[in-house]
Structures are given as C-alpha cells and as structure tokens.
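Structure record follows, encoded as structure tokens.
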Amino acid sequence: MNAPAGSSRFTVLAGSAIGAILLGGMLFGFALLPIIQGRQAGIDAWTAFCRSLGIGPGTPAASSPADTAAPRPVSDVAWTGATLAALAGAAPAAPPEAAQQCASCHGEKGIAIDPAFPNLAGQSAAAIFKQLHDYRSGARAHDVMTPMAQGLAEEDLAPLAVHFASQPKGSLDVTARADRNLPVADLVFRGDPARGIPACQACHGARSGGPIETPTLSRQNEAYLADQLRRYASGERGNDIYGRMRGFAAKLTEDEIKRLAAFYAWTE
Amino acid sequence: MASEEDVLRTEIRWSYVVAGATALILGAILFAGLARGINPPSNLERIDPKTLHLTGEFAEGNLGTRVAPNGDVTVRIVTTQFAFVPQCVVVPTGRRVTLRFASPDVIHGVLVAGTNVNTMVIPGYVAQVHSTFTKTGDLLTPCHEYCGLGHSQMWAVVRAVPPDRFAADAEGRANCDRL
C-alpha cells in the first residue's frame, strides 16, 4: 500500500514535536530546575546537575546545623550480615560448654527454675543474642547477668543463642490457664491508636515482621514479663533501640501490664 | 466522505492542541518548582541503616528539634516499626525549618497534615524536607506508607508554636515537654 501524500511530513512533524518535548522536559528536570534551586542552597551548577542525575552522594541541599552531641548508643548491636549469618546456623549437636552456667537459673532445657527468670526455650536467637550482647556492653544491667555475660567471649554468644532457641517451649497447664485469661485482647491484637500504642502482636506475633531482635513472648513467665514492662516504663531498662518499648510501656496502666503479662504467659 | 488529506489536516490540528497542553503542564511544573519551591524531595544522602542508632546524627540522644547558633532550625526524626522517635516535636511558625528523617528498618512515610511535608523515608537514605509552618497547633503526622502490622497505630505530632513561645535550651534543643 502506498503511503498517502503528506504522511512523511506528518511523521517528521510529530517526531520532532515529541523529541522537542522530551528534550525540553529533560532540560527542565535535569538541568534548569536543579541548577536554579541549587543556587538558593549554595550549590554550584555542575554539582546540582550531577545530583539531579543521582550521581554521587550529595551533601544536604541546604546546610543543616552540625550535631555536636556525641552519640550515646542504647545498644551496640548492629544487625550486620556476619551477625545474622552466625545466628542462622544450625543448633550445635551438643550444648555449648557455656550453657552449663545458664542452666542454674534458666534450666538445662531453657525452662527457668524460678518464674522471676525468663524462659529461653524457643526464644528467638536474635533476641537472646542481643540481650547477652547488651549485658556484656553494659547497655542492660543485672546483678547476676552482667558478670555472667562479661565472662563470655563475643564468639560464644551466637552458639548459646542458637542452642536455647532450638529447645522446645514448655507445655501449658490448661487448668491454671483458665483463671488467667483476662480480657486484654484489644491491646494485643489491635493496639490503641488514640494512645499511639501498636498492637503487641504487630511485632511479637510469630513471623510478624517487626524488628529482628523482637522476642517471642508466648509462654514466657508472667512475673518476668510484668517486671520488664515496669522497668521499661520507668526507664530503668533502656536497651531497646530508639525507645520502642520504653515509649509504649510508659503509656500502659499497671492493670494493663498485669493483664498483658498474664495473657502472654498463658497463651500459645 | 472525508479524504486522506482531510484526516491528516485534522490530526495535525489536534497535535497542536496536544503540544500546547504539554507545554502548559511543563510550564506549570516549572512555575511550581521555581516560584513556589515545590518539587519531589531530591536530597540524595546515604546513611547506613544497620548502624543508624550508633552513628552521630541519628543516635537516640540527638533526635528532636535543634536550633543552631546561627538560628537554623533542624528537626531529626527516626521512623521505625512502629513509632516516630520522638513522638512529638516542636517547631516555630514563620521560620524555615529543615526536617530530616531516617529509617533503620523498612520504608515508612511522613505526612504533616496541612503542610508541604510529605515524603517517603527509605532505609539507607536521609529524607530531607524544608518547610515554613504557618498554622499553629498540633499537626497530626501519620505514617502513610504501609510498614507492617502496626502501621495504623504509627503517628506523631508536630507542635507548631508562635516564635515568642518557641524556646530552646542552652544546647539549642527544644522539645514538647518544655512547653
């Protein structure tokens, strides 16, 4: 089929119009706007052009006040690839030697001998690792745990964490559970938006996708849970990165703390 | 019946309209960018999310509102699952404020209701927005990028106060408790 007369003229016209718009748009977006806006922020034309293309990490577009305060980290733990890889390993066939010291309070299989101590069986390895690390660095303090953790070498921490994480959780006494089933499900599953409290399960639920170090709470000892919430609320315990738990715990009432502790202690 | 030439002439006429509309849109973008300072947050600044809590600027003690000796106001906020830290920041009205956000975990979003502050916070980058607050009061600041199960309970407050009520301590820090 023959091209109709004038078709080639139209192709040229439309092509150059589209090209002009494309080039004009690129000129505006990559050169004109960033260069003129950069001038207000004291950035020279070439730097502004490179920043608009995404080449090279830019300095702030406007100078911001220098921070003179020294960082005071609440926890030294950084979830680097090496740390995560150490925790992802399979549990050692025989318990690590250091686990014998843990057993005197936390039980040989990670079930604590006294409800004031936390159970470690079935706990997340990342959570155990972080707490041991924090006791070692002083971010979290406890009369017994601080010297215990400081007696361990850095490379002992991950195998210990993996060992206890691989133990099965304790069984639930269903008869005792019945009188502990206090209504607090709203906080656990829905949180309280008005007070800015997220649902506990948003982080503590199984596979919920919260921060890596979040411990699992189900079948943890009631007395221990309530005690830790009170310590977070008062600021006595402060090794939670960015105050995630300090902030939420401070908004809870004493009654809610008791109910939450009971809920998790007696829930699957 | 219209000939090929008629169709062509019509198409060319309409292409002028399209070209005009495109020029108008580009002009509007240019006007907004140059005269009103409105553009996508374009600050490219990398920061390691794994060590955010250990680095200088976004360590816990350095968050919140800070006034530099030269009078520049900077607000630093960490967005994390599932809270803004700090949950309340105070800013003066009528003054240019720089807001800087960083995330240690997942992508969050920040929207300060009724202002031009509206940005995503992507782990690995510092999100920076400049604003001059005009309205006083507690401006609701929700997370507007789904970040996990606690997303709907994640919000903060930006407390905009008149300049005469805005007070910073000797170190240049200002927070909601001091008001």
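Each chain gets a letter, A, B and so on, in the order the sequences are listed, and its residues count up from 1. Given the structure is predicted, the values throughout are model-derived calculations rather than measurements.
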- Task: Pick whichever of A:P193, A:A194, A:S208 has the most heavy-atom pairs under 4.5 Å with chain B.
- Result: A:P193

- Task: Please look at B:F58 and chain A and tell me whether the side chain, the backbone, both or neither of the residue comes under 4.5 angstrom of a heavy atom of that chain.
- Result: both

- Message: If you count heavy-atom pairs within less than 4.5 Å of chain A, which of B:V85, B:T22, B:D105, B:L149 leads?
- Response: B:L149

- Taking A:S75, A:G247, A:G29, A:G205 one by one, which has the highest count of heavy-atom pairs under 4.5 Å against chain B? A:S75

- Query: Looking at A:G196, A:C200, A:A199, which has the largest count of heavy-atom pairs under 4.5 Å with chain B?
  - Reply: A:G196

- Query: What part of B:P104 gets closer than 4.5 Å to chain A, counting heavy atoms only: side chain, backbone, both or neither?
  - Reply: side chain

- Item | Contact residues of residues 16-25 of chain A (partner chain B; heavy-atom separation under 4.5 angstrom) | A:I21, A:G25

- Query: Do you know which of A:P34, A:G191, A:G210, A:A14 has the most heavy-atom pairs under 4.5 Å to chain B?
  - Reply: A:G210

- Minimum heavy-atom distance between A:A202 and B:G150, given as atom pair plus value: CB-N, 3.4 Å

- Message: Restricting to non-hydrogen atoms, name the atom on A:F248 and the atom on B:A83 that form the minimum distance, rounded to 0.1 Å.
- Response: CZ-CB, 3.8 Å

- Query: Measuring heavy-atom distances to chain A, does B:L63 have an atom under 4.5 Å in its side chain, in its backbone, in both, or in neither?
  - Reply: side chain

- Below 4.5 Å, heavy atoms only, C-beta onward: do B:I29 and A:F28 meet side chain to side chain? no

- Item | Residues of residues 232-244 of chain A within contact distance of chain B, non-hydrogen under 4.5 Å | A:D240, A:I241, A:Y242, A:G243, A:R244

- Item | Rounded distance [0.5 Å steps], CZ in A:R195 versus CD in B:Q87 | 12.0 Å

Determine all donor-acceptor pairs shorter than 3.5 Å in which one atom belongs to a side chain in residues 11-18 of chain B; sequence neighbours excluded.
residue : atom : partner : partner atom : Å
B:S15   : OG   : B:I12   : O            : 2.6

- Message: Show the nearest heavy-atom pair for residues A:R190 and B:Q153, with the distance to one decimal.
- Response: O-NE2, 2.7 Å

- Partner chain A: residue of B:V106, B:T51, B:L52 with the largest heavy-atom pair count (under 4.5 Å): B:L52

- Hey, is the main chain of A:A78 close enough, under 3.5 Å, to the side chain of B:H53 for a donor-acceptor pair? no

- Message: Does anything in residues 126-140 of chain A reach chain B? List residues with heavy atoms under 4.5 Å apart, or say none.
- Response: none

- Query: What are the two closest non-hydrogen atoms of B:F82 and A:C203, and how far apart are they?
  - Reply: CE1-SG, 3.4 Å

